[in-house]
2 protein chains.
Amino acid sequence: MNAASRRDANAGTLDTGFLEGTLGFTIRLCQLNVFDDFIDRLSGLDLRPAEFSILCLIADNPGCRASRIAECLCIKRPNFVPLLSGLEQRKLVVRRRSETDGRFQDLFLTALGRRVVTKAKSVVAEQEQYMADRLGPRKRDELVNALRMVARLDLRADREGWRVKES
Amino acid sequence: MNAASRRDANAGTLDTGFLEGTLGFTIRLCQLNVFDDFIDRLSGLDLRPAEFSILCLIADNPGCRASRIAECLCIKRPNFVPLLSGLEQRKLVVRRRSETDGRFQDLFLTALGRRVVTKAKSVVAEQEQYMADRLGPRKRDELVNALRMVARLDLRADREGWRVKES
DNA sequence: TATTGTTATACTCTATAACTATA
DNA sequence: TATAGTTATAGAGTATAACAATA
């Protein structure tokens with residue numbers, strides 16, 4: 001039973017009008033459903049969503065600094081350390097101290113890491129394709145575009161006493 | 001600095017093509033941004049997202065059983081107990097044993113609870129209105145509808161060896 | 001002095017097993 | 001026996017402060 005059907009099972013007579021009409025609540029339900037399935041599909045490769053994202057970014061940006069990957073994924077640096085250490089212990093990733101600046105660590109995939117991320121991407125692509133088939137390609141693209149737009153909104157811009165100098 | 005701008009700050013030269021093209025990743029970024037702001041807006045009323053949702057459902061369904069509210073919000077019963085207890089200690093909610101079946105607890109808002117949820121809904125409505133203004137009303141409604149559709153998808157339906165008998 | 005990576009730590013959210021009381 | 005609520009507990013995920021190494 002997935003999140004959606006578990007929820008629907010007994011909620012038939014509940015008035016959920018206000019919540020279901022909000023973006024915040026529908027985003028949460030949507031994320032629960034998609035992530036539950038995502039985690040399930042990738043469990044065979046023993047990859048959590050964060051680990052998959054890290055491997056993807058290193059695959060497409062070999063030699064990138066660790067802190068940039070963490071930033072791009074909105075993962076705080078202290079929390080990024082054990083994630084990377086785990087991937088390195090599993091021989092999927094190598095950390096190499098930068099030659100030009102000893103503070104940085106440049107990240108690379110191992111040959112095994114490249115094989116794993118290729119397989120993982122194809123598994124994720126299946127989930128994405130399944131959702132695209134159900135939504136239809138147009139609605140699917142509109143959904144991704146709308147989500148990107150909301151993700152980039154500065155939601156605090158309409159409130160006072162907030163904007164301390166940004167730069 | 002919100003989640004979106006924090007991410008953009010240093011990610012300019014990173015290739016995020018694969019991840020940004022997936023529904024899963026964009027949903028996550030979107031949820032981070034919306035929830036960060038949601039939590040911030042409701043912090044003045046000392047309400048977390050889950051607490052707000054519970055109050056909303058009790059407000060619109062007075063006398064509803066506790067387990068149904070939890071189910072509707074995809075909150076496991078053990079995790080629901082301290083949430084309800086907190087709201088009851090704050091005199092926002094009352095639990096009343098059902099007269100017809102002593103196992104159930106019927107939930108009601110106090111007068112204070114009704115005042116708080118009314119105020120909280122108006123705060124949330126401001127955030128929703130701000131997002132709707134940026135997206136435009138049509139795109140906003142299409143987004144909510146698409147999210148509802150994805151939230152209800154049975155994402156495991158395309159895989160074998162999964163569906164044990166549902167009922 | 002500022003930044004990267006790191007450690008330690010704490011708090012929130014979530015998940016499971018087992019207990020109780022009621023049916 | 002089955003279900004609702006509860007307790008205890010463990011595991012993720014996430015947050016901040018402080019330190020070492022480097023610049």
Side-chain angles (χ1 to χ4, degrees), chain A residues 1-3 6-7 9-10 28-29 31-33 35-36 38-40 42-43 46-54 64-88 93-107 167, chain B residues 1-3 6-7 9-10 28-29 31-33 35-36 38-40 42-43 46-54 63-89 93-107 167:
Chain A
M1 220 186 212
N2 64 11
R6 187 170 53 238
R7 202 180 72 84
N10 256 0
R28 175 175 177 268
L29 285 189
Q31 151 132 5
L32 277 180
N33 196 27
F35 267 57
D36 274 3
F38 186 99
I39 290 167
D40 201 62
L42 281 185
S43 62
D46 195 20
L47 288 179
R48 305 284 306 172
E51 294 171 325
F52 169 73
S53 303
I54 293 169
C64 182
R65 298 188 220 137
S67 58
R68 280 185 126 179
I69 307 267
E71 237 164 356
C72 182
L73 297 174
C74 301
I75 298 174
K76 295 259 186 305
R77 258 75 86 220
N79 301 326
F80 196 61
V81 174
L83 282 168
L84 260 191
S85 299
L87 295 172
E88 196 171 41
V93 167
V94 288
R95 297 190 247 210
R96 189 192 300 165
R97 285 233 95 85
S98 166
E99 295 169 354
T100 62
D101 189 328
R103 292 172 299 182
F104 301 148
Q105 282 184 337
D106 301 333
L107 302 181
S167 68
Chain B
M1 219 185 212
N2 64 9
R6 185 169 55 239
R7 203 179 71 83
N10 257 0
R28 176 175 175 266
L29 286 188
Q31 153 134 3
L32 277 179
N33 196 29
F35 266 56
D36 274 3
F38 186 98
I39 290 167
D40 201 61
L42 281 184
S43 62
D46 194 21
L47 288 179
R48 305 286 305 173
E51 294 170 325
F52 169 73
S53 303
I54 293 169
C64 183
R65 296 187 219 139
S67 58
R68 283 185 124 177
I69 305 267
E71 237 163 356
C72 182
L73 298 174
C74 300
I75 297 174
K76 295 256 185 307
R77 260 74 88 222
N79 301 325
F80 196 62
V81 174
L83 282 169
L84 261 191
S85 299
L87 294 173
E88 195 171 42
Q89 280 177 347
V93 167
V94 288
R95 296 190 249 210
R96 190 191 300 167
R97 286 233 96 85
S98 166
E99 295 168 356
T100 61
D101 188 328
R103 293 172 298 182
F104 301 148
Q105 283 183 337
D106 300 333
L107 303 181
S167 68

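Below, chains carry the letters A, B, ... as their sequence lines are ordered, and counting in each starts from 1.
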Atom-pair distance (CD on A:Gln105; C1' on D:dA21), nearest Å: 12 Å
Position toward the 5' end of DNA chain C (nearest nucleotide), B:Ser98 or A:Ser85: A:Ser85
Which comes earlier along DNA chain D counting from the 5' end, the contact point of B:Asp106 or that of A:Glu99, where each point is its nearest nucleotide? B:Asp106
If I take atom OG from residue B:Ser67 and atom CZ from residue B:Phe104, how far apart are they, to the nearest 0.5 angstrom? 6.5 Å
Please indicate whether A:Arg96 has more than 12 foreign heavy atoms, meaning atoms of other residues, nucleotides or ligands, lying under 6.0 Å from its CZ. no
Expressed in angstrom and rounded to an integer, what is the separation of B:Arg65 atom CZ from D:dA4 atom C1'? 9 Å
Considering only heavy side-chain atoms of A:Ala66, the closest of C:dA15, D:dA15, C:dG5 is C:dG5
Whole Å only: how far is the CZ atom of A:Phe104 from the P atom of D:dA23? 9 Å
Just by distance, do the side chain of A:Gln31 and the backbone of B:Gln31 share a donor-acceptor pair under 3.5 Å? no
Here the distance between atom P of D:dT16 and atom CD1 of A:Ile75, to the nearest Å, is 15 Å
Rounded to whole angstroms, how far apart are CG on B:Asp36 and P on C:dC13? 13 Å
Rounding to a whole Å, what distance do you find between A:Arg28:CZ and C:dC13:C1'? 10 Å
C:dT3, OP1 or OP2 - any side-chain N/O from A:Ser67 closer than 4.0 Å? no
Side chain to side chain donor-acceptor pair (under 3.5 Å) involving B:Thr100 - partner list, sequence neighbours excluded: B:Ser98
Distances under 3.5 Å between nitrogen or oxygen atoms of protein and nucleotides 10-13 of chain D:
{"from": "D:dG13", "atom 1": "OP1", "to": "A:Arg48", "atom 2": "NE", "distance (Å)": "3.2"}
{"from": "D:dG13", "atom 1": "OP1", "to": "A:Arg48", "atom 2": "NH2", "distance (Å)": "3.1"}

Whole-Å distance separating the CG atom of B:Leu84 from the P atom of D:dG5: 9 Å
Rounding to 0.5 Å, atoms CZ (B:Phe38) and OG (B:Ser43) come to a distance of 11.5 Å
Member of A:Leu47, A:Leu83, A:Leu73 meeting the side-chain contact (heavy atoms from CB on, under 4.5 Å) criterion with A:Ser53: A:Leu73
Give the nucleotide from the list C:dG5, D:dT14, D:dT7 with an atom nearest to the side chain of B:Val81. D:dT7
Supply the atom-to-atom distance A:Arg48 CZ to A:Ile39 CD1, rounded to the nearest 0.5 angstrom. 4.5 Å
For nucleotides 19-22 of chain C, tabulate all protein N/O to nucleotide N/O atom pairs closer than 3.5 Å, reporting atom names and distance.
{"from": "C:dT22", "atom 1": "O3'", "to": "B:Gly102", "atom 2": "N", "distance (Å)": "3.4"}

Rounded to the nearest 0.5 Å, how far does CG of A:Asn79 lie from SG of A:Cys74? 12.5 Å
Interatomic spacing from CZ in B:Arg97 to CD in B:Gln105 - rounded to 0.5 Å: 5.0 Å
Which residue is it: A:Ile54, A:Val94, A:Leu84? I am looking for the one with a side-chain contact (heavy atoms from CB on, under 4.5 Å) to A:Leu107. A:Leu84
Short side-chain N/O contact to C:dT14 OP1/OP2 from B:Lys76, under 4.0 Å: no
note: A:Leu107, atom CG; C:dT4, atom C1'; distance rounded to Å ~ 12 Å
So, does A:Arg95 get its side chain near the phosphate of C:dT6, meaning an N or O under 4.0 Å from OP1 or OP2? yes
